[in-house]
Enquirer: 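Have a look at this one.
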There are 2 protein chains.
Amino acid sequence: MARAQLSNPKKPLAADAPVCEASLVHLDNVRQVQPEVLETNQAQRMAEFFSALSDPHRLKLLSALAQQELCVCDLAAAVKMGESAVSHQLRVLRSHRLVKYRRQGRNVYYSVADDHVASLYREVSEHLNE
Amino acid sequence: MARAQLSNPKKPLAADAPVCEASLVHLDNVRQVQPEVLETNQAQRMAEFFSALSDPHRLKLLSALAQQELCVCDLAAAVKMGESAVSHQLRVLRSHRLVKYRRQGRNVYYSVADDHVASLYREVSEHLNE
DNA sequence: TTCCTACTTGCACATCTGTTCAGAGGGTGA
DNA sequence: TCACCCTCTGAACAGATGTGCAAGTAGGAA
């Protein structure tokens with residue numbers, strides 16, 4: 001998942017330190033933009049979310065689950081992965097609430113958690129197909 | 001970026017091989033879902049795109065650029081990163097067409113490339129704030 | 001109970017990622 | 001031309017990720 005390397009100890013850069021060695025030129029820009037920069041916590045959460053979607057196998061799993069509820073071994077067969085790998089990846093999706101699951105007898109059935117995934121999917125497809 | 005480990009040589013799994021050792025139970029499901037599973041190439045592309053957004057620093061950079069066009073050293077100051085690191089990350093964003101840039105004198109000014117990013121941002125915020 | 005099946009988890013390993021450092025462009029102005 | 005500034009790039013490193021294996025858990029059947 002996304003790394004927890006948010007605090008960069010090097011280059012502390014006081015709030016009004018000069019930028020680019022000699023440039024007072026752009027200091028205004030920096031001051032203007034800085035308060036609008038995504039907060040570290042939120043950036044971290046968002047990065048972790050995107051990170052959950054940043055693996056082709058997980059995307060395949062989601063696309064399969066978007067069709068219908070499936071148990072782990074069916075998923076493994078559908079996307080041609082080992083069951084262990086599927087289980088590992090489902091845990092990632094689960095932890096980001098991208099899928100939900102229910103146990104029925106010996107099987108665990110997974111399905112997509114909500115509609116945001118579908119919207120995201122559409123957005124990205126659009127971007128990629130330009 | 002996302003790994004290029006899409007072809008898994010283990011567990012080849014012929015199209016109509018039995019699933020879950022003994023289960024003819026779910027074979028129908030697998031057959032039904034399999035053709036709808038995201039194609040490997042597209043899954044790969046999509047994963048790489050999400051991967052570009054899966055780093056908190058890159059998200060911060062984008063949020064800064066969403067405010068206004070900025071040169072590299074201003075960006076570095078705004079998100080408190082080293083300039084080299086910023087340059088490396090901008091390359092990632094650039095290669096996924098999330099930002100565009102123009103050279104003006106000694107500076108290179110970056111800005112967000114299109115509106116999809118904003119939409120994505122909204123979608124994800126919504127999901128995360130539930 | 002015991003066995004079997006479906007799934008999960010811990011570990012080790014190979015691979016990938018993001019950072020810093022050092023140095024190389026590329027452009028400006030003297 | 002040169003010196004300087006801004007930016008980019010390659011190498012090396014630490015840390016993270018995904019996989020298979022092997023062991024473990026949970027539910028159902030005998």
Side-chain angles (χ1 to χ4, degrees), chain A residues 1-11 18-26 44 47-48 50-61 70-77 79-95 101-110, chain B residues 1-11 18-26 44 47-48 50-61 70-77 79-95 101-110:
Chain A
M1 209 70 12
R3 262 144 242 188
Q5 306 171 329
L6 278 175
S7 56
N8 186 346
K10 309 289 180 63
K11 205 146 201 184
V19 188
C20 284
E21 307 280 311
S23 72
L24 300 168
V25 187
H26 306 125
Q44 180 71 40
E48 283 175 9
F50 282 123
S51 199
L53 294 169
S54 69
D55 180 86
H57 288 145
R58 284 197 291 270
L59 290 171
K60 284 188 172 190
L61 289 171
L70 288 167
C71 70
V72 176
C73 63
D74 290 350
L75 270 173
V79 307
K80 294 172 180 158
M81 293 173 65
E83 289 168 26
S84 173
V86 169
S87 191
H88 279 300
Q89 300 297 20
L90 284 173
R91 186 149 72 119
V92 175
L93 295 174
R94 230 163 44 208
S95 72
Y101 64 102
R102 65 183 178 87
R103 171 151 231 144
Q104 187 176 51
R106 280 184 286 213
N107 296 313
V108 178
Y109 288 92
Y110 282 85
Chain B
M1 213 74 8
R3 258 145 249 187
Q5 305 170 328
L6 278 175
S7 56
N8 186 347
K10 308 290 181 60
K11 204 144 201 184
V19 188
C20 284
E21 306 282 311
S23 72
L24 300 168
V25 187
H26 306 126
Q44 181 72 39
E48 283 176 7
F50 281 124
S51 199
L53 294 170
S54 69
D55 180 85
H57 288 145
R58 285 197 289 272
L59 291 172
K60 285 188 173 193
L61 289 171
L70 288 167
C71 69
V72 176
C73 63
D74 290 350
L75 270 173
V79 307
K80 296 173 179 159
M81 293 173 66
E83 289 168 24
S84 175
V86 169
S87 190
H88 278 299
Q89 300 297 20
L90 283 173
R91 185 149 71 121
V92 175
L93 295 174
R94 227 163 45 208
S95 72
Y101 64 102
R102 65 183 179 86
R103 170 152 234 144
Q104 185 176 55
R106 282 184 285 216
N107 295 312
V108 177
Y109 288 91
Y110 283 84

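First the proteins, then the strands, lettered A, B, ... as listed; each starts at 1.
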Enquirer: Could you state the CG-C1' distance from B:Asn107 to D:dC5, rounded to the nearest angstrom?
Expert: 9 Å
Enquirer: Shortest non-hydrogen contact from A:Leu53 to B:Phe50?
Expert: O-CD1, 3.3 Å
Enquirer: What is the distance, rounded to the nearest whole Å, between atom NZ of B:Lys80 and atom C1' of C:dT19?
Expert: 19 Å
Enquirer: Do A:Arg58 and A:Leu93 have side-chain heavy atoms sitting under 4.5 Å apart?
Expert: yes
Enquirer: Can you measure B:Tyr109 atom OH to D:dT7 atom P for me and round it to whole angstrom units?
Expert: 8 Å
Enquirer: What is the distance from atom CE of A:Met81 to atom CD of A:Gln89, rounded to the nearest 0.5 Å?
Expert: 5.0 Å
Enquirer: Provide a list of protein-nucleic acid N or O atom pairs under 3.5 angstrom, restricted to nucleotides 10-12 of chain C.
Expert:
residue : atom : partner : partner atom : Å
C:dG10  : O6   : A:His88 : NE2          : 3.0

Enquirer: In whole Å, what is the span from the NZ atom of A:Lys60 to the C1' atom of D:dG18?
Expert: 15 Å
Enquirer: Nearest whole Å is fine: how far is C:dT19 P from B:Met81 CE?
Expert: 4 Å
Enquirer: For B:Arg94, check side chain to side chain contact (heavy atoms under 4.5 Å, CB included) against everything at least two apart and list the hits.
Expert: B:Arg91, B:Val99, B:Tyr101, B:Tyr110
Enquirer: Looking at C:dT9, C:dT19, D:dG18, which one has an atom nearest to any side-chain atom of A:Asp55?
Expert: D:dG18
Enquirer: Distance check, rounded to the nearest 0.5 Å: B:Leu75 atom CG versus B:Leu61 atom CG?
Expert: 5.5 Å
Enquirer: Using atom names, set out every protein N or O paired with an N or O of nucleotides 26-30 of chain C below 3.5 Å, distance rounded to 0.1 Å.
Expert:
residue : atom : partner  : partner atom : Å
C:dG27  : N2   : B:Arg106 : NH1          : 3.3

Enquirer: Can you measure from CD (A:Gln104) to SG (A:Cys71) and round to the nearest 0.5 angstrom?
Expert: 10.0 Å
Enquirer: What is the distance, rounded to the nearest whole Å, between atom CG of B:Leu70 and atom P of D:dT7?
Expert: 11 Å
Enquirer: By side-chain hydrogen bond (donor to acceptor under 3.5 Å, both in side chains), which residues pair with B:Tyr109, not counting sequence neighbours?
Expert: A:His26
Enquirer: Tell me, please, which residues at least two apart from A:Arg103 pass side-chain hydrogen bond (donor to acceptor under 3.5 Å, both in side chains).
Expert: none
Enquirer: Let me know the distance between CZ of A:Phe50 and P of C:dG18, rounded to the nearest Å.
Expert: 15 Å
Enquirer: Are any side-chain N or O atoms of A:Ser54 and backbone N or O atoms of A:Ser51, one a donor and one an acceptor, separated by less than 3.5 Å?
Expert: yes
Enquirer: Measure CG/A:Leu90 against C1'/D:dG18 and give the value in whole Å, please.
Expert: 14 Å
Enquirer: Taking the minimum atom-to-atom distance to the side chain of A:Ala85, which one of D:dG20, C:dT8, D:dG18 wins?
Expert: D:dG20
Enquirer: Looking at D:dC8, D:dT19, C:dC7, which one has an atom nearest to any side-chain atom of A:His57?
Expert: D:dT19
Enquirer: Once you apply a heavy-atom cut-off of 4.0 Å, does B:Tyr110 come out as touching a base, just sugar-phosphate, or nothing?
Expert: sugar-phosphate
